[in-house]
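Okay, so here's the structure we're looking at.
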2 protein chains.
Amino acid sequence: MSTKTKILDAAEVLFADKGFNGTSLREITSQAEVNLAAVNYHFGSKKELIKAVMSRYMNELSPRLESALHALCLEEVHPTLVEVFSAFLDPLLHLNSFKDNGTSTFLQLLGRGFTDNQGFLRWFLTTQYPGVFTNFTQAVQKAYPELSKEEMFWRLHFTMGTIVFTMSSSDALIDIAQNDFDRQVDIAGVIKQVIPYVAAGVAAPIIR
Amino acid sequence: MSTKTKILDAAEVLFADKGFNGTSLREITSQAEVNLAAVNYHFGSKKELIKAVMSRYMNELSPRLESALHALCLEEVHPTLVEVFSAFLDPLLHLNSFKDNGTSTFLQLLGRGFTDNQGFLRWFLTTQYPGVFTNFTQAVQKAYPELSKEEMFWRLHFTMGTIVFTMSSSDALIDIAQNDFDRQVDIAGVIKQVIPYVAAGVAAPIIR
DNA sequence: CGTTATTTTAAACAAGCGTTTGAATTAGGG
DNA sequence: CCCTAATTCAAACGCTTGTTTAAAATAACG
């Protein structure tokens, strides 16, 4: 395995677990069993490494996500919100065949990215992968046309918060759930729990 | 004003803005115009300072919140979920008379606390202020008795994610909203937008 | 006032950080 | 094989971090 890949593999796990600020290059390189200087040699800087970690996932996810949302809009004039959010399920779970625990890791990284580093990753994602956002808002627009642009803006951010926050601490939450309720839970189960929640949230009656 | 208060006032703003890990003691003490060593002298360590910042807010909030939820359960046998979440509004907004931008600052701190520091603040809050959680889950239980404990567990965490994530980046979101929609928005407006969302989310039909 | 306790101060500490350097090693193409 | 380019490596760089020290200044009190 190439040095670059070894670094990316080690970095994504540590980033997901302890955040970008909370993970040092020395932790990453010793976990990856490569020299400390390798990060700056292959990626230039820690910030570029963070982008590379996210890009590897986004390049895998975004085409599948865009085509899933696109297909839904073609085959149904009025998709339900549950259908819209369910369109995320397969592309997200595909990350598990792309990498072990890929879905969970990616969603945790996403959560970190929106809170660490005063949100530079939010900028990176919205500018580098705008297609995901536009396809998504279009699908929601078709599912719930009465929603104004402003209300949709807020509800989509609420939804992102729900997903991202839950997933960034999903390991701890799954542990608690397994102990308290004596039930086997995995990341797919959490996603299936969250879909009706966010669908109902976005579909909430408008109070004016 | 006492040195302790000057430190707390400076720390909470910086913590809310840049996170706990992202704020150094030197930033805090120079903002507060006190000596660097004052933090360790008055609080013992940075971690204890973080706890003190949170406690100052929690001690102001939690009795009002608990009594508001308690009162709601007394006066109504079957409160609606909107009523339950609306019970948070007054106690939260009261923080604005406690301190300038108190509501926004506190909610941002809460958001930071659940993602920074591998969630030690989650432990601190749940162990030091358990009454808030039990009162809240009891109120939700009365509003939606069909919900199993496990489903409630997840939906409450989804809700916390929605609130906490939104508020931790509320400044950025409010800026975007003001530019894109040419509307005056403040923290109370965001809270009023989020209440129907989370109420509908928690009330979502159960899929089994 | 004088003495004791409390608080403030400047300076230094050890440790960790991201990054850079230049030499050593490995790989590739003529 | 040889020369060149690419990669790895140990070491150090300069800087920031939280914390500690011991002296100086201030406050409290009999």
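Convention: sequence-line order gives letters A, B, ...; per-chain numbering from 1. All values below come from the heavy atoms of this structure, side chains included, with hydrogens, waters and symmetry mates left out.
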Quiz item: Under 4.0 angstrom, heavy atoms only, what part of the nucleic acid is B:Ala37 near: base, sugar-phosphate, or nothing?
Solution: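 Base, at least one base heavy atom under 4.0 Å.
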Practice problem: Report which part of the nucleic acid A:Thr23 touches: base, sugar-phosphate, or nothing (heavy-atom distance under 4.0 Å, all strands). | Solution: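 Since only primed, P, OP1 and OP2 atoms lie under 4.0 Å of A:Thr23, the category is sugar-phosphate.
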Would you kindly give the [atom1]-to-[atom2] distance between [X] and [N], to the nearest whole Å?
X       : N      : atom1 : atom2 : value
A:Leu14 : C:dG18 : CG    : P     : 12 Å
A:Lys47 : C:dC17 : NZ    : C1'   : 16 Å
A:Ile28 : C:dG16 : CD1   : C1'   : 14 Å
B:Asn35 : D:dA24 : CG    : P     : 16 Å
B:Met1  : C:dT8  : CE    : P     : 13 Å
B:Asn21 : C:dG16 : CG    : P     : 16 Å
B:Tyr41 : D:dA27 : OH    : C1'   : 11 Å
B:Leu36 : C:dC13 : CG    : C1'   : 12 Å

At less than 4.0 Å, is any side-chain N or O atom of [X] found next to OP1 or OP2 of [N]? Yes or no.
X       : N      : result
B:Ser45 : D:dG18 : no
B:Thr3  : C:dT7  : no
B:Asn40 : D:dG18 : no
A:Ser24 : C:dG16 : no
B:His42 : C:dT6  : no

Quiz item: Do other residues, nucleotides or ligands put more than 12 heavy atoms under 6.0 Å from A:His70 NE2?
Solution: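 Counting other residues, nucleotides and ligands, NE2 of A:His70 stays at 12 neighbours or fewer.
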Report yes or no: do [X] and [Y] form a side-chain donor-acceptor pair below 3.5 Å?
X        : Y        : answer
B:Tyr41  : B:Asn35  : no
B:Thr159 : A:Tyr197 : yes
B:Thr5   : B:Ser2   : yes

Quiz prompt | 5' precedence on DNA chain C between A:Gly22 and B:Ser2 (nearest-nucleotide basis) | solution =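 With A:Gly22 and B:Ser2 compared, the 5'-side residue is B:Ser2.
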Exercise. Determine whether any donor atom in the side chain of A:Arg26 lies under 3.5 Å from an acceptor atom in the base of C:dG16, or the reverse, and answer yes or no.
Key: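 By the distance-only test, no, there is no pair.
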Quiz prompt | Test: B:Lys4 cationic atom under 6.0 Å from B:Phe43 six-membered ring centre, within 45° of axis | solution =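 Yes, cation above the ring, under 6.0 Å and within 45°.
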